[in-house]
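Notes follow once the structure below has been shown.
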Amino acid sequence: MTDESRAAAAGRRGKRGRRRKPRDKRKKVLVLSAWAAASVVVLGGTGLGVVYFKLNGNIKGVDINAALGTDRPADIDNGSQDILVLGSDSRSGKNAKYGKDEGAARSDTAMIVHVYKGHKKASVVSIPRDTLISRPDCTTDDGKDAPGAQRQMFNTAYEVGGPACAVKTVEKMSGIRMDHYVEVDFTGFKKLIDTLGGVDITTKKDIRDKDSHLDLDAGTHTLNGEQALGLVRTRHGVGDGSDLGRIQLQQAFIKALLDQVKDVGVFSNPKKLFDLANDATSAITTDSDLNDVKSLASFANGLKGIGAGDMKMVTLPIQYDPADPNRVLPLEEADQQVWDALRADRAIPKSATEKSAGDKGDVGAVVAGH
């Protein structure tokens with residue numbers, strides 16, 4: 001056998017081996033999409049070099065390290081990871097159907113994902129957008145200084161200085177360095193859910209919210225992208241109509257997504273595989289360490305074993321602001337318990353959230369995985 005024929009045979013064996021790899025049906029959106037992006041290249045052979053470059057070109061990256069320099073918490077290498085995940089409320093482009101921008105885009109959804117050493121479990125801390133915080137000095141997108149300020153809504157950090165300011169604000173609040181940053185926009189999220197084939201949920205009450213275009217009767221549903229987007233954005237159709245209710249819906253939806261056992265069939269359907277990879281890479285903005293297909297797939301591979309039962313989800317301990325019922329204030333001692341636990345790679349103690357307004361109410365009974 002010639003050297004060329006040996007190489008060809010090895011290549012064929014590699015491809016067949018990759019095709020037989022078992023599918024993990026509990027993968028969350030980022031995990032499945034990143035692996036899909038990588039597999040398009042691996043399964044497609046040498047003729048798909050142009051596809052690889054297209055997918056790489058889809059991913060938008062932000063150099064957080066360069067923007068923030070050395071004014072950051074220590075980078076503790078203990079095997080854990082901390083990721084800031086944001087959803088932007090920008091109404092520009094295709095997002096215009098969800099309303100008009102009031103100034104610049106803000107972070108509509110903010111979650112700190114702490115992946116514990118061993119990457120078998122995770123904790124997720126949601127930060128209410130209306131939380132009043134001390135925003136640090138930041139730099140605007142056009143390079144101007146944005147002085148820090150007191151009693152600022154958390155989501156204004158993104159509005160003032162984009163992803164870098166959002167990361168800096170979280171790091172100042174928590175004392176924890178963010179290893180990665182991932183941002184998802186409205187339209188990309190919707191397309192991704194459609195490509196995945198929808199997400200099964202059961203609503204135990206009717207949900208009506210004209211602002212988020214959501215109209216669901218109590219019962220079992222397979223939500224398409226438009227409905228899923230409405231669910232994670234609704235705040236007037238459940239609970240007390242506050243952002244706290246929306247956070248609990250978002251957390252319930254993520255768990256339903258993690259529990260999804262439907263076979264999406266992407267590895268047996270090259271077109272669906274490419275569509276998923278294309279949607280996923282177009283939907284996200286990441287830090288510069290993740291803004292290529294290979295790095296994103298490697299990162300996602302480290303998370304693929306985490307299912308809904310392995311994830312503890314809480315809202316940052318808060319109380320309603322006595323001076324403004326539309327705003328919330330951090331419960332400083334309880335918050336410190338949360339940050340101390342994550343910094344030490346420990347589980348968040350129940351005592352940290354027992355007095356918080358963020359994890360109370362009837363929203364948890366509204367939606368569940370099917």
Side-chain angles (χ1 to χ4, degrees), residues 22-36 85 87 98 108-109 111 113 121-122 124 126 182 184-209 212-239 245-269 271-273 275-280 283-284 300 303-314 361-370:
R23 290 186 292 269
D24 184 341
K25 297 176 182 178
R26 299 185 306 163
K27 293 178 182 178
K28 57 186 174 178
V29 171
L30 180 59
V31 174
L32 185 54
S33 59
W35 265 110
V85 179
Y98 301 109
D108 191 58
T109 301
M111 296 181 175
V113 181
K121 294 184 178 181
V124 178
S126 296
V182 177
V184 183
D185 74 0
F186 286 165
T187 302
F189 172 86
K190 182 174 69 173
K191 289 180 65 178
L192 199 53
I193 295 300
D194 281 336
T195 303
L196 285 168
V199 175
D200 295 340
I201 60 103
T202 297
T203 58
K204 298 182 179 180
K205 297 181 181 179
D206 297 344
I207 302 179
R208 316 285 185 208
D209 188 350
S212 62
H213 310 288
L214 189 64
D215 188 1
L216 292 177
D217 294 329
T220 299
H221 310 271
T222 298
L223 299 188
N224 61 26
E226 184 76 23
Q227 293 169 316
L229 181 58
L231 184 73
V232 299
R233 292 186 62 245
T234 191
R235 61 190 294 174
H236 303 299
V238 295
R246 171 164 56 184
I247 285 174
Q248 291 184 20
L249 278 179
Q250 291 168 352
Q251 293 174 347
F253 177 83
I254 289 173
K255 289 205 169 188
L257 180 60
L258 286 167
D259 274 337
Q260 185 76 17
V261 295
K262 182 185 295 182
D263 184 357
V264 296
V266 294
F267 290 96
S268 60
N269 185 332
K271 182 182 184 303
K272 192 168 188 178
L273 177 63
D275 288 344
L276 178 62
N278 191 43
D279 289 346
I284 61 176
L303 306 180
K304 69 179 182 180
I306 301 174
D310 308 313
M311 185 174 287
K312 170 69 174 178
M313 306 189 78
V314 303
D362 65 349
V363 178
V366 173
V367 61
H370 171 52

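- Rounded to the nearest 0.5 angstrom, F253 CZ and I193 CD1 are separated by 4.0 Å.
- When every heavy atom of T222 is checked against every heavy atom of Q227, the shortest pair comes out as O-OE1, 3.7 Å.
- Distance check: F189 CZ to I284 CD1 gives 14.0 Å after rounding to the nearest 0.5 Å.
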Next item on the list: Would you check, one step at a time, whether the test side chain to side chain contact (heavy atoms under 4.5 Å, CB included) holds for I247 with M111?
Entry: CA-CA 10 Å; I247 285 174; M111 296 181 175; 5.9 Å; no
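- For the atom pair OG1 (T202) and NE2 (H221), the distance works out to 7.5 Å, reported to the nearest 0.5 Å.
- A distance of 11.5 Å separates NZ in K190 from CG in D279, rounded to the nearest 0.5 Å.
- For D217 and R208, the salt-bridge test passes: some basic side-chain N is under 4.0 Å from an acidic carboxylate O.
- Between V232 and Q250, the shortest heavy-atom contact is O-NE2, 2.9 Å.
- Nearest heavy-atom pair across A283 and G188 is CB-CA, 3.5 Å.
- Within the model, atoms CD1 of I201 and CG of L216 stand 6.0 Å from one another, a figure rounded to the nearest 0.5 Å.
- Using a 4.0 Å cut-off between a side-chain N of Lys or Arg and a carboxylate O of Asp or Glu, K121 and D310 do not qualify as a salt bridge.
- D209 contributes no side-chain N or O that, together with a main-chain N or O of L214, makes up a donor-acceptor pair within less than 3.5 Å.
- For the 3.5 Å distance criterion, the side chains of Q251 and S126 qualify, holding a donor opposite an acceptor.
- At least one side-chain heavy atom of V124 sits under 4.5 Å from a side-chain heavy atom of M311.
- Using modelled atom types, one finds no donor on one side chain facing an acceptor on the other under 3.5 Å when comparing D275 with T195.
- D215 contributes atom CG, which lies 8.5 Å from atom CG of D206 (distance to the nearest 0.5 angstrom).
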